[in-house]
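Here is the structure we will look at, set down as structure tokens.
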Amino acid sequence: MFNFFKLVQNENMKIYRRPRTYVMLGLLLALIAAISIIGYFVDQNHTTSAWSMIMTEVMISYMLITVFAIIIASSGVADEFTSGTIKLLLIRPWSRSKVLLSKYIAVLLYALGMVVVMLIFTVIINMIVFGFADETAAEVISPLVSGSIVAYLLKYSLLKYVSLVVTTTLAFMLATVSRSGALAIGLSLFLILGVNSFTVLLASIKYKWADYILFIHLDLTQYLNDTPMRDGMTMGFSVLVLAIYYAVFVALAWYVFKKRDVAA
Amino acid sequence: MEQPIVQLQQVTKRIGKKTIINNLTLDLPLGEVFGFLGPNGSGKTTTIRMMVGLMAMTSGEIKIGGFSIRSEYQKAIRNVGAIVENPEMYKYLTGYQNLVHFARMIEGVTPERIQEVITLVGLEARIHDKVKTYSLGMRQRLGVAQAILHRPKLLILDEPTNGLDPAGIRELRDYLRQLSKEEGIAVFVSSHLLSEMELMCDRVAIIQNGKLIDVRTINQGGMDVESNVHTLFEVDKPAEAAEVAAELGKAAIREGSSLVIEANREFVADFNARLVASGIKVYGIRVQTKSLEDQFLEVTGGERIV
């Protein structure tokens, strides 16, 4: 098989040769820096620790990265259809599945890259603003958790990345099926930001079927502090539900992309 | 004849109850510029989309280089370079980045080859500019460049002269003829521009409502001495001239101050001598070759083009 990596390289080129990618990154970093600096001046007594600031900013940043990843994932597929370049892309000696896979990998890499840059930047800027501190997770988060705060942050980020991947895959699937970037971005954002704010409500539904709603499982960090949204829910069950949704999204995206006549 | 590069066998495409392409069978040999002519909505682009695998056939088979586009897609498409409809490229990338993009997708395209193709289509000066700053003609050139990057055996161009200026059209035409003759590749061109096809193609297939109506070979010059052709005589007294024609046993059709008769070369000369002898002034004699347009209108039953 001739170098599949080159396909991913192409998709990367299409992401990183666009100014908007850097605008998004700039927005994210500026927001983090702004929170830290404003926090520093507001907090007259300097009681805020660097790590509690880091945890807050990471949580906010994940929200923003999710939005950006949805935009990149949706437009990555849909733009090919709206601009008509999909026709030139598909008439090459590559199967449609692999073309789509290269796009998907590029999007996941983008999300990963954003997370890594965000983490490093957040830690560094807060160490500069608030000074280096060595704290335990119990001090920063809650007495219920143990271990070092760095280990906690890494676990937290990993679990958040899982939900980022599922969300991005949802957007990717919507874009592939609808071929419209606006629709995919709008719908994904509505589901993630809109419906997600009602998760507590959803979680309180008394019926059995509510156990299988995607949104109450999306945030796996609920298990880090041992505060699941529904009683009796376990991490294993949530991962299983997420895995099933994920498989459905992927199957749908690939099936539609492979079968559809390209008439755009 | 060697094995045709493209074989369309009873290709049919139905969308819902509507039959878009009906039982189309066509063979294309190497080294020929083949025109695909039809009114808008006749199924030209649909056929091209099926040839490059963008659309699935309802029934039938398309083989390119002997490989089925259905079951051996990657081997089949390796032989094809194409522009389907407009040459849409990534506007936010430069022309060069676009070419690199497509070069990466096919084995064996070197940076030297990219450079060679750029020179060939005459984009050296602007290749490092973003495509969104290109004119339609320049995009068309870039489209041709990406299509020939990997030296395909079959070049499929959908309406290639769209947006080109007359010099560009001429250049493209010469280049396509050169490609087909020197490199022996098959060029498949769709168009509704009849005059263009006449100058560019060796053979033309005419399609209407998804059906193949006719395949015609286009005469590239060469006079047929024996056969009767429509010849137009511009004279000062057409009524008297018609009588002269009648004396010689030929029916003449009056067209304003001109006469049209169907005759061979010898008769034309004789008739002219008789006209002059009878004191009728002859201002001009013209052979009315049936243009592709006439033929086209003839076979499609006068359906409006464009």
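Each chain gets a letter, A, B and so on, in the order its sequence line appears, and its residues count up from 1.
Side-chain contact check for A/L88 versus B/E88: every heavy-atom pair is 4.5 Å or farther apart. A heavy-atom distance below 4.5 Å is found between the side chains of A/L90 and B/L54. Looking at A/M13 and B/L93, their side chains come closer than 4.5 Å, going by heavy atoms from C-beta outward. With a 4.5 Å cut-off on side-chain heavy atoms, B/V80 and A/I91 do not count as touching.
With chain A as partner, the option from B/M89, B/R78, B/Q146 having the largest number of non-hydrogen pairs under 4.5 angstrom is B/Q146. Ranking B/H101, B/M50, B/M55 against chain A, the residue ahead of the rest is B/H101, based on heavy-atom pairs under 4.5 Å.
In this structure, B/I106 and A/P93 approach most closely via the heavy-atom pair CG1-CD, 3.6 Å. What you find for A/L89 and B/F102 is that their closest heavy atoms are N-CE2, 4.2 Å.
With respect to A/K6, the side chain to side chain contact (heavy atoms under 4.5 Å, CB included) criterion is satisfied by exactly one of B/M105, B/R104, B/E107: B/R104.
In this structure, the portion of A/E80 lying under 4.5 Å from any heavy atom of chain B is its side chain and not its backbone. Only the backbone of A/S83 comes within contact range of chain B, judged by heavy atoms closer than 4.5 Å. Using a 4.5 Å cut-off between heavy atoms, B/Y73 contacts chain A through its side chain alone, with no backbone atom that close. Looking at A/R260, only its backbone comes within 4.5 Å of chain B, counting heavy atoms on both sides.
To the nearest 0.5 angstrom, B/D158 atom CG is 8.0 Å from A/K87 atom NZ.
Counting heavy atoms of neighbouring residues, nucleotides and ligands inside a 6.0 Å radius, atom OH of A/Y40 does not exceed 12 of them.
Contacts between residues 14-28 of chain A and chain B, defined by a heavy-atom separation under 4.5 Å, are made by A/K14, A/R17, A/R18. Of residues 10-20 of chain B, those residues with a non-hydrogen atom less than 4.5 Å from any non-hydrogen atom of chain A are, in numerical order, B/K13.
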